[in-house]
Amino acid sequence: GDGAFLARLPGVARVDEYGAASEIRNASGGAWDPAKDSTTNPMGVKKRLAHRLASMYHAAEAADRAASDFEAQFSRREIPETLDEFGPAEIEAARGQAPKASIVEVIVGSGLAPSKSMARRLIEQGAVSVEGDRVTALDHAPGLESSFVLRVGRKMKRYVPAGQRS
């Protein structure tokens with residue numbers, strides 16, 4: 001579980017020198033034992049640790065934005081403010097010998113699946129949606145004339161047509 005992960009985290013004592021891991025210690029000052037301390041939520045500890053580490057290497061505002069995007073995407077399953085983008089060039093590269101780009105080529109072009117066979121499995125498992133609508137047909141062809149959000153599992157990317165990328 002989460003607690004076991006934190007207990008095995010290498011270098012936590014070194015990170016503690018900067019104050020980032022002090023919350024992992026229990027009230028007695030000893031090493032945090034998730035089996036004995038059920039009052040500390042391991043996910044909360046990891047989020048605070050990640051924020052502190054991100055703040056060490058980037059501006060505090062960047063760490064806040066990353067935390068907000070993580071919460072939106074993974075906790076509330078919303079679309080975060082910033083998404084990686086992909087466009088027609090990536091889809092064309094993934095199309096290969098296919099006569100036209102289907103959702104399979106769009107998924108591979110986005111980088112959310114490493115191969116067409118993996119993209120097909122993800123569609124069959126119901127893990128793919130375009131603009132919130134689940135895709136079940138392997139030959140589904142999303143409209144490539146306008147932007148859309150592609151979700152594969154919990155990961156998302158935004159398709160942006162040529163000439164509209166930022």
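For clarity, every value in this text was computed on a predicted model and none was experimentally measured.
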Show the nearest heavy-atom pair for residues [X] and [Y], with the distance to one decimal.
{"X": "Glu145", "Y": "Pro161", "value": "O-CG, 3.4 Å"}
{"X": "Lys100", "Y": "Ala141", "value": "NZ-CB, 4.3 Å"}
{"X": "Pro88", "Y": "Tyr159", "value": "CG-OH, 3.4 Å"}
{"X": "Ala60", "Y": "Ser55", "value": "CA-OG, 4.2 Å"}
{"X": "Ala101", "Y": "Ile91", "value": "CB-CG2, 3.6 Å"}
{"X": "Ile107", "Y": "Ala113", "value": "CG2-CB, 3.5 Å"}

[X] [atom1] to [Y] [atom2] distance, which is reported to the nearest 0.5 Å:
{"X": "Glu90", "Y": "Glu85", "atom1": "CD", "atom2": "CD", "value": "10.0 Å"}
{"X": "Asp84", "Y": "Arg158", "atom1": "CG", "atom2": "CZ", "value": "10.5 Å"}
{"X": "Arg121", "Y": "Ser115", "atom1": "CZ", "atom2": "OG", "value": "6.0 Å"}
{"X": "His140", "Y": "Asp133", "atom1": "NE2", "atom2": "CG", "value": "8.0 Å"}
{"X": "Lys155", "Y": "Leu112", "atom1": "NZ", "atom2": "CG", "value": "7.5 Å"}

Quick one, [X] and [Y] - any side-chain contact, counting heavy atoms below 4.5 Å?
{"X": "Arg120", "Y": "Leu122", "result": "no"}
{"X": "Leu150", "Y": "Phe86", "result": "yes"}
{"X": "Pro142", "Y": "Phe148", "result": "yes"}
{"X": "Asp139", "Y": "Ile103", "result": "no"}
{"X": "Glu124", "Y": "Leu138", "result": "yes"}

Taking 4.0 angstrom as the limit, do Glu105 and Lys116 come out as a salt bridge?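 Salt bridge present between Glu105 and Lys116.
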Under the side chain to side chain contact (heavy atoms under 4.5 Å, CB included) criterion, do Ile123 and Thr136 qualify, and how do the steps go? CA-CA 6 Å; Ile123 294 166; Thr136 56; 5.5 Å; no
Kindly work out whether a path of hydrophobic side-chain contacts (I/L/V/M/F/W/Y, heavy atoms less than 4.5 Å apart) joins Val135 to Met118.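 Hydrophobic grouping puts Val135 with Met118.
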Please check if Val130 and Val108 belong to a single hydrophobic cluster, counting links between Ile, Leu, Val, Met, Phe, Trp and Tyr side chain heavy atoms closer than 4.5 Å.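 No, because Val130 and Val108 fall into different hydrophobic clusters, even though each may have its own neighbours under 4.5 Å.
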